[in-house]
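This chain uses plain numbering: 1 for the first residue, then up along the sequence. None of the values given here were measured: they were computed from a predicted structure. Values below: all heavy atoms of this structure, side chains included; hydrogens, waters and symmetry mates excluded.
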Amino acid sequence: QDGANLGFYTDIFALGVTLFNVVTGQLPFTGSATDVLRKNRSSERPHVTQVTPYANPGFQPIIEKAMSPNPALRYQTCEEMMMDLQKLCNL
């Protein structure tokens with residue numbers, strides 16, 4: 001990824017973290033910065049219903065896409081993410 005897009009992809013990732021926090025009341029990763037980076041790159045990613053059993057599991061694929069370790073696999077626009085959220089919420 002070129003440097004011009006780095007901020008955008010970081011913002012999409014941060015939005016995924018924020019959405020996870022809103023849905024579950026917790027952050028997806030804890031620990032030192034090194035721990036967080038390692039967990040994000042591994043399969044240690046928590047599922048929303050593991051943290052909050054009554055959470056709508058439909059949020060998980062949206063959060064997963066926003067927080068993908070590979071920036072190229074994240075949402076390419078905020079509108080794309082918003083459309084998925086609208087579908088989930090039947091808006």
Reported CZ-to-CD1 distance for the pair F13 and I63, which is rounded to 0.5 angstrom: 11.5 Å

L27 reachable from V23 in the ILVMFWY side-chain graph, under 4.5 Å edges: yes

Least distance between heavy atoms, P71 atom then Q76 atom: O-NE2, 3.9 Å

Nearest-0.5 Å distance that lies between atom SG in C78 and atom CG in D11: 7.5 Å

Pairs satisfying salt bridge (Lys or Arg N to Asp or Glu O under 4.0 Å), at least one member in residues 18-28, at least two apart: none

Heavy-atom closest pair, residues P46 and F29: CD-CE2, 4.0 Å

Qualifying salt bridge (Lys or Arg N to Asp or Glu O under 4.0 Å) pairs with a residue from residues 48-58, counting only residues at least two apart or across chains: none

Nearest heavy-atom neighbours spanning G16 and A66: CA-CB, 3.7 Å

List, one per line, each side-chain donor-acceptor pair under 3.5 Å for residues 50-57, sequence neighbours excluded.
residue : atom : partner : partner atom : Å
Q50     : OE1  : H47     : N            : 2.9
T52     : OG1  : T24     : O            : 3.1
N56     : OD1  : G58     : N            : 2.7

Selection residues 58-76 - residue pairs positive for salt bridge (Lys or Arg N to Asp or Glu O under 4.0 Å), sequence neighbours left out: R45-E64, K65-E80

Nearest heavy-atom neighbours spanning M81 and I62: CE-CG2, 4.1 Å

Cluster check L19, M83: I/L/V/M/F/W/Y, side chain < 4.5 angstrom: no

M67 CE to L15 CG distance, which is reported to the nearest 0.5 Å: 11.0 Å

Which residues share a side chain to side chain donor-acceptor pair (under 3.5 Å) with T34, sequence neighbours left out: none

Residues 84-91 side chain polar contacts: donor-acceptor under 3.5 Å, at least two apart:
residue : atom : partner : partner atom : Å
D84     : OD2  : Y75     : OH           : 2.8

